[in-house]
Amino acid sequence: MEQRISLVTLGVADLPRARAFYERLGWRGQEVQETVFFQAGGLAVVLWGRAALAADAGVADAGPGAASLAHNVRSRAEVDDILTVAAQAGARITRPAAETFYGGYAGCFTDPDGHLWEIAWNPGFPLAEDGSLTVPDLTPPS
């Protein structure tokens, strides 16, 4: 597993309120499928409803402060390999790798302190050679 983070997903109670807050800070996001993506250097910060985040990851709603770290990879096989290594290292697999609603492949685990990680291959979010991620234009075609 490369030593990097691709996305930080914040579980929020009220998506429009959270988006408005970050936009008042000067951030500009793109909303798609009840999530808001903000480019933040070589990674993305994502706002998503807390209950949806928990359900997707296979964990109970952690309440305020819920967050997930994502490590995007270049292939489906890497997802499986990293989940195997994580389990051997002491992680608890909370969602085995499977096809995703966005056309990718992902699984989730928690570290020994309960921090949530998603390992994902997403063909719509290609990685640069250095592992950085650029949020593509998410505007639906007209």
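Residue numbers count from 1 along this sequence. Quick caveat: nothing in here was measured; it's all calculated off a predicted structure. The figures that follow rest on heavy atoms only: side chains count, while hydrogens, waters and symmetry mates do not.
Between the OG atom of Ser132 and the CD1 atom of Ile5 there is a distance of 14.0 Å, given to the nearest 0.5 Å. Rounding to the nearest 0.5 Å gives a distance of 9.0 Å between CG of Leu116 and CG of Asp56. Leu69 CG to Cys108 SG: the interatomic distance, rounded to the nearest 0.5 Å, is 11.0 Å. In this structure, CG on Asp113 lies 5.5 Å from CG on Asp111, to the nearest 0.5 angstrom.
In terms of heavy-atom proximity, Gly131 sits nearest to Leu127 at O-CD2, 3.7 Å. The heavy-atom pair separating Gln30 from Val135 by the smallest distance is NE2-CG1, 3.7 Å. In this structure, Val36 and Gly29 approach most closely via the heavy-atom pair CG1-CA, 4.1 Å. The two residues Leu15 and Thr35 come nearest to each other via the heavy atoms CD2-N, 4.1 Å. Across all non-hydrogen atoms, the minimal contact from Val79 to Ala97 is CG1-CB, 3.8 Å. Closest of all the heavy-atom pairs between Gly107 and Leu83 is CA-CD1, 3.8 Å.
Hydrophobic clustering places Trp27 together with Leu47 (ILVMFWY residues linked when any side-chain heavy atoms are closer than 4.5 Å, directly or through intermediates). Under the 4.5 Å side-chain heavy-atom criterion for grouping Ile, Leu, Val, Met, Phe, Trp and Tyr, Ile82 is connected to Ile93 within one hydrophobic cluster. Taken together through direct or relayed side-chain contacts under 4.5 Å among Ile, Leu, Val, Met, Phe, Trp and Tyr, Phe125 and Trp121 form parts of separate hydrophobic clusters.
Side-chain atoms of Thr84 come within 3.5 Å of backbone N or O of Asp80 as a donor-acceptor pair. Without hydrogens or angle criteria, Gln39 side chain to Leu43 main chain gives a donor-acceptor distance under 3.5 Å. Thr110 contributes no side-chain N or O that, together with a main-chain N or O of Gly114, makes up a donor-acceptor pair within less than 3.5 Å.
Here the side chains of Val46 and Val8 are not in contact, with every heavy-atom distance at 4.5 Å or above. Under the 4.5 Å side-chain criterion, counting only non-hydrogen atoms from C-beta, Val12 is not in contact with Phe21. Taking 4.5 Å as the limit, some side-chain heavy atom of Arg92 sits within range of a side-chain heavy atom of Val59. The closest side-chain heavy-atom distance from His71 to Trp117 is below 4.5 Å.
Ser6 and Arg4 share a donor-acceptor pair across their side chains, judged by distance under 3.5 Å alone. Under the 3.5 Å distance criterion, with hydrogens and angles disregarded, no donor-acceptor pair is assigned to the side chains of Tyr105 and Asn122.
Contacts of Ala70 classified as side-chain contact (heavy atoms from CB on, under 4.5 Å), with partners at least two apart in sequence or in another chain: Leu7, Asn72, Glu118. Val85 meets the side-chain contact (heavy atoms from CB on, under 4.5 Å) test with no other residue; sequence neighbours excluded.
Salt-bridge annotation for Arg74 and Glu129: absent, with no side-chain N of the basic residue lying under 4.0 Å from a carboxylate O of the acidic one.
Between Phe101 and Trp48, the ring planes are tilted. Angles from 30° to 60° get that label.
Applying the salt bridge (Lys or Arg N to Asp or Glu O under 4.0 Å) test to pairs two or more places apart or on separate chains, those with a residue in residues 20-40 are Arg19-Glu23, Arg19-Glu31.
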